[in-house]
Novice: 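Got a structure for you, questions after.
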Amino acid sequence: MPDLLEHLNPEQLAAVTLPGVSALILAGAGSGKTRVLTTRIAWLISTGQVSPYQILAVTFTNKAAREMQIRLSAMLTHNIRGMWIGTFHGLCNRFLRTHHRDADLPALFQIMDTQDQLAVIKRMYKSMNIDDERYPARQLQYFISGAKEQGLRPNQVEAFDDYTRRQVELYAAYEQVCQREGVVDFSELLLRSYEVLARNQSLREHYQHRFRHILIDEFQDTNLLQYRWLKLLAGKETSVFAVGDDDQSIYAFRGADVGNMQRFQQEFAPIELIKLEQNYRSHGNILDAANALIRNNQTRLGKNLWTRESQGDPLRIYVAPSEYDEALFVVDAIKGLTGAGVNATEIAVLYRSNAQSRVLEHSLFNAAIPYRVYGGMRFFERAEVKHALAYLRLASNPGDDGSLLRVINFPARGIGVRTLEGLQAAAQGAGVTLWQAACSSRVSGKAGAGVAAFVRLIESLGPATAGMRLPEIVEHVIAASGLLEHYKNEKEGQERLDNLRELVAAAELFEREVETGAPSIDTTGNSDTLTAFLAHAALEAGDTQAAEGRDALQLMTVHTAKGLEFHTVFITGLEEGLFPHDQSLNELDGPEEERRLMYVALTRARRRLYLTYAQSRTLHGQFRYNVASRFLDEIPPPLMQWLSPTPANLVAESESPRRDEAAESRPPREIERGPGFRIGQNVIHAKFGTGVIVNAEGRGADARVQVNFRDAGLKWLSLEFAKLEAA
DNA sequence: GTATGGAGCATGTTA
DNA sequence: TGCTCCATAC
């Protein structure tokens with residue numbers, strides 16, 4: 001058991017073994033945050049201070065929750081099933097399933113994702129004759145989520161103008177629809193749990209007494225409602241252990257409130273404050289650059305990362321004339337790196353906005369470099385998967401109008417717009433759900449036959465699948481609904497069929513995890529595995545893209561890269577207007593949030609960091625010239641090595657001569673190692689023949705030259721491996 | 001019920 | 001520039 005605490009540095013050890021008080025752990029990037037969190041839990045349990053049952057550990061992403069569980073089960077021999085560990089939404093789901101009566105929800109309530117939520121709003125607009133131009137559905141969706149994340153119900157939202165008053169009315173109407181249909185959106189999970197706890201004293205005291213330790217990951221990302229939820233759960237005896245990094249707060253735009261860190265210090269006082277500043281990830285130059293950059297922010301609690309590692313390479317800066325040249329540079333550099341033995345999965349190309357990936361992808365494709373792009377459509381969000389899930393949801397809760405509308409005529413059953421309008425009118429008139437209206441529908445003719453067939457189909461699903469295992473149920477529903485047949489007959493249906501098969505596989509995996517009691521799967525309070533699976537599908541939307549090959553290069557936005565690390569990182573598009581982004585500059589705290597974003601980007605790299613920008617770029621069909629990002633000016637020049645001087649920075653250098661170290665930041669005219677190699681030098685290569693050196697980078701073992709061969713064209717060669725001879 | 005085209009539009013994103 | 005959404009036409 002003491003070996004749990006081995007290899008912890010003094011600050012980590014202090015944090016892990018804090019006696020039962022509340023604490024704020026300021027954990028810098030790469031400082032072993034997850035390790036501290038999980039080791040503390042393991043320490044609390046293995047020293048017998050608490051049982052797993054008394055611990056609540058909450059994260060933002062399923063991935064983080066899973067990682068915690070995996071690490072914990074490696075550290076402990078205890079059964080941790082009784083522990084509450086998961087995402088805010090997952091835990092609230094568990095809570096509401098158990099206390100659905102107190103929460104005034106049906107036992108089989110369904111969870112809507114953002115797509116479903118938008119569909120509900122649009123449907124409501126139609127029945128209320130709302131002008132979508134004046135009150136865009138998307139905007140109302142933000143309005144509702146925003147209000148809920150502040151903990152506000154319609155009657156609590158302050159409205160000083162007619163427009164807002166109308167939005168509040170629509171918010172109220174939306175709530176009625178959801179309540180009638182037994183569906184909840186993501187923020188409702190939290191708000192509803194919060195309200196149950198706030199209103200029900202005995203329940204609240206039960207949980208406050210139960211949870212002796214509450215641990216929160218990524219505390220800087222919490223919103224106001226999450227903060228208040230935690231505060232309600234924490235009793236007098238509870239110690240709250242909040243881990244976060246204000247410098248990595250990059251989600252203010254979706255409601256995260258760094259102010260929670262100050263709030264926590266005041267309202268949970270007295271608390272312990274521990275800073276984890278030793279970084280175990282990056283070389284010194286990378287950290288120095290990150291520290292120097294973030295020092296430009298005014299509002300921060302203050303931290304300075306340091307490392308025992310060597311300084312390492314300087315940051316490599318490349319200025320490209322256009323985004324195409326930027327992409328070509330990245331491709332060349334990657335070829336060099338993988339050629340020198342760096343695994344492609346250990347290389348990440350980061351950008352500020354998704355639109356930038358296209359040019360990069362194009363060049364990578366042409367160069368036949370396998371890559372993987374993060375972001376975009378996720379597995380459980382695909383249309384065919386959602387169709388299948390809609391049938392499953394109807395089997396368990398036919399009152400779910402959204403699911404009914406999605407599939408009542410898919411595959412086509414001859415139920416057209418007019419029939420549907422009739423059904424909707426009947427439902428509205430009688431104040432019932434569409435399903436009830438459909439059951440008592442007396443539509444005649446073909447449409448009537450279609451509706452009747454649909455009703456019979458849904459009604460048959462329950463009895464037909466009784467006693468089946470989850471994957472069999474899913475398989476049955478896919479076939480009985482006609483989805484299978486439909487996609488088989490569709491020309492481009494193969495991929496959709498594959499996804500449906502994948503859904504059966506997902507059900508299989510899910511069932512296995514339920515049986516083996518994997519703590520990530522939670523069936524507490526669920527009446528059956530199907531309901532749990534449907535909640536799982538909504539709460540964990542799955543991966544964004546199937547892995548394309550094993551050794552694929554990683555492409556993603558800086559936001560997506562948070563929490564990850566790579567041997568080599570390229571930060572591209574470092575231009576004013578792009579990074580920092582134009583639109584952020586008008587926002588309150590926008591510029592500082594952009595800088596934190598850059599800080600996150602820099603600290604992803606372990607060994608090697610490339611910063612690139614394009615002097616010109618076409619964005620949204622608009623060609624424009626750009627100046628270098630301010631962030632490049634905020635990194636001390638001695639830490640940087642310019643791989644391609646631009647006239648601009650040559651001028652700058654002659655105007656203000658820099659210290660001696662600045663010599664490193666100029667492109668190397670002489671290439672160390674290999675006698676007398678220079679740019680412009682003619683060389684001979686055993687395989688490629690004769691050529692001329694046109695570019696060079698790196699020193700020592702890293703030194704590489706770009707040679708334009710007469711026959712073989714442009715090639716990057718590592719001086720260490722390639723046998724080059726002067727001609 | 002599906003195909004086509006034009007208008008409008010364009011940060012970041014977890015559950 | 002490229003997509004998403006909606007209206008219109010078949």
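Labels below follow one simple rule: chain letters A, B, ... track the order of the sequence lines, proteins then strands, and each chain is numbered from 1.
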Novice: Quick check: closest heavy atoms across A/Arg393 and A/Ser403, and the distance to 0.1 Å?
Specialist: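 Closest approach of A/Arg393 to A/Ser403: NE-OG, 3.5 Å.
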
Novice: Would you find a donor on one side and an acceptor on the other, under 3.5 Å apart, between the side chain of A/Glu384 and the backbone of A/Leu497?
Specialist: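 Such a contact is absent between A/Glu384 side chain and A/Leu497 backbone.
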
Novice: Pick the P atom in B/dT13 and in C/dT4, then give their distance to the nearest Å.
Specialist: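 The answer is 15 Å between these two P atoms.
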
Novice: Which pairs would a plain distance check flag for residues 220-229 of chain A, meaning a side-chain donor or acceptor within less than 3.5 Å of a matching protein atom at least two apart in sequence or in another chain?
Specialist:
| unit_1 | atom_1 | unit_2 | atom_2 | d |
| --- | --- | --- | --- | --- |
| A/Gln220 | OE1 | A/Asp245 | N | 3.0 |
| A/Gln220 | NE2 | A/Glu218 | OE1 | 2.8 |
| A/Asp221 | OD2 | A/Lys562 | NZ | 2.7 |
| A/Thr222 | OG1 | A/Phe219 | O | 2.8 |
| A/Thr222 | OG1 | A/Asn260 | ND2 | 2.9 |
| A/Asn223 | OD1 | A/Leu225 | N | 3.1 |
| A/Asn223 | OD1 | A/Gln226 | N | 2.9 |
| A/Gln226 | OE1 | A/Asn223 | N | 2.8 |
| A/Tyr227 | OH | A/Arg263 | O | 3.4 |
| A/Tyr227 | OH | A/Glu267 | OE1 | 2.9 |
| A/Arg228 | NE | A/Tyr194 | OH | 3.2 |
| A/Arg228 | NH1 | A/Gln150 | O | 3.3 |
| A/Arg228 | NH2 | A/Tyr194 | OH | 2.9 |

Novice: By side chain to side chain donor-acceptor pair (under 3.5 Å), which residues pair with A/Arg617, not counting sequence neighbours?
Specialist: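 In terms of side chain to side chain donor-acceptor pair (under 3.5 Å), with neighbours along the sequence ignored, A/Arg617 is linked to A/Glu326, A/Glu575.
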
Novice: For A/Arg358, which residues count as a side chain to side chain donor-acceptor pair (under 3.5 Å) partner, sequence neighbours excluded?
Specialist: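 Testing A/Arg358 for side chain to side chain donor-acceptor pair (under 3.5 Å), a comparison that skips the adjacent residues, returns none.
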
Novice: For A/Tyr171, check ring-ring contact (aromatic ring centres under 6.0 Å, His included) against everything at least two apart and list the hits.
Specialist: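 Scan of A/Tyr171 (ring-ring contact (aromatic ring centres under 6.0 Å, His included), adjacent residues dropped) gives none.
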
Novice: Which dot-bracket notation, 5' to 3', represents the base pairing of DNA chain C when pairs are defined as Watson-Crick or G-U with both distances under 3.5 Å, crossing pairs as [ ], and inter-strand pairs as |?
Specialist: ||||||||||

Novice: Between the protein and nucleotides 2-7 of chain B, which nitrogen or oxygen pairs are less than 3.5 angstrom apart?
Specialist:
none

Novice: Using a distance-only test with no angle check, is there a side-chain donor-acceptor pair under 3.5 angstrom linking A/Asp185 and A/Gln117?
Specialist: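 Yes, A/Gln117 and A/Asp185 have a side-chain donor paired with an acceptor closer than 3.5 Å.
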
Novice: Would you give a per-nucleotide map of nucleotides 3-10 of chain C, 5' to 3', where B means the base has a protein non-hydrogen atom under 4.0 Å away, S means only the sugar-phosphate does, and - means neither?
Specialist: S-------

Novice: Looking only at the aromatic ring of each residue, does the gap between the centers of A/His486 and A/Phe410 stay below 6.0 angstrom?
Specialist: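 Centroid separation for A/Phe410 and A/His486: below 6.0 Å.
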
Novice: Please name all residues satisfying side chain to side chain donor-acceptor pair (under 3.5 Å) with A/Thr557, sequence neighbours left out, ordered by chain then number.
Specialist: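 Partners of A/Thr557 under the side chain to side chain donor-acceptor pair (under 3.5 Å) test: A/Thr560.
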
Novice: Among residues at least two apart in sequence or on other chains, which ones pass side chain to side chain contact (heavy atoms under 4.5 Å, CB included) with A/Asp589?
Specialist: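 A/Thr299, A/Glu592, A/Glu593, A/Arg596.
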
Novice: Students often get this wrong, so: under 4.0 angstrom with heavy atoms, is A/Asp221 touching a base, only sugar-phosphate, or nothing?
Specialist: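 Contact class for A/Asp221: none.
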
Novice: Residues two or more places apart in sequence or in another chain: which of them pass side chain to side chain donor-acceptor pair (under 3.5 Å) with A/His559?
Specialist: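 Scan of A/His559 (side chain to side chain donor-acceptor pair (under 3.5 Å), adjacent residues dropped) gives none.
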
Novice: Where along nucleotides 8-15 of chain B does protein come under 4.0 Å, by heavy atom, of base (B) or sugar-phosphate alone (S), with - for untouched nucleotides?
Specialist: --BBBBBB

Novice: Give a yes or no on whether the ring-centroid distance for A/His100 and A/Phe109 is below 6.0 angstrom.
Specialist: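 No - the distance between ring centres of A/His100 and A/Phe109 does not fall below the 6.0 Å cut-off.
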
Novice: Once ring-ring contact (aromatic ring centres under 6.0 Å, His included) is applied, do any residues pair with A/His99, and if so which ones, sequence neighbours excluded?
Specialist: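 For A/His99, the residues satisfying ring-ring contact (aromatic ring centres under 6.0 Å, His included) (neighbours in sequence not counted) are A/Phe95, A/Tyr207.
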
Novice: Take atom P in B/dG12 and the same atom in C/dC5, then report the distance between them in whole Å.
Specialist: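 After rounding to an integer number of Å, I get 16 Å for this pair.
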
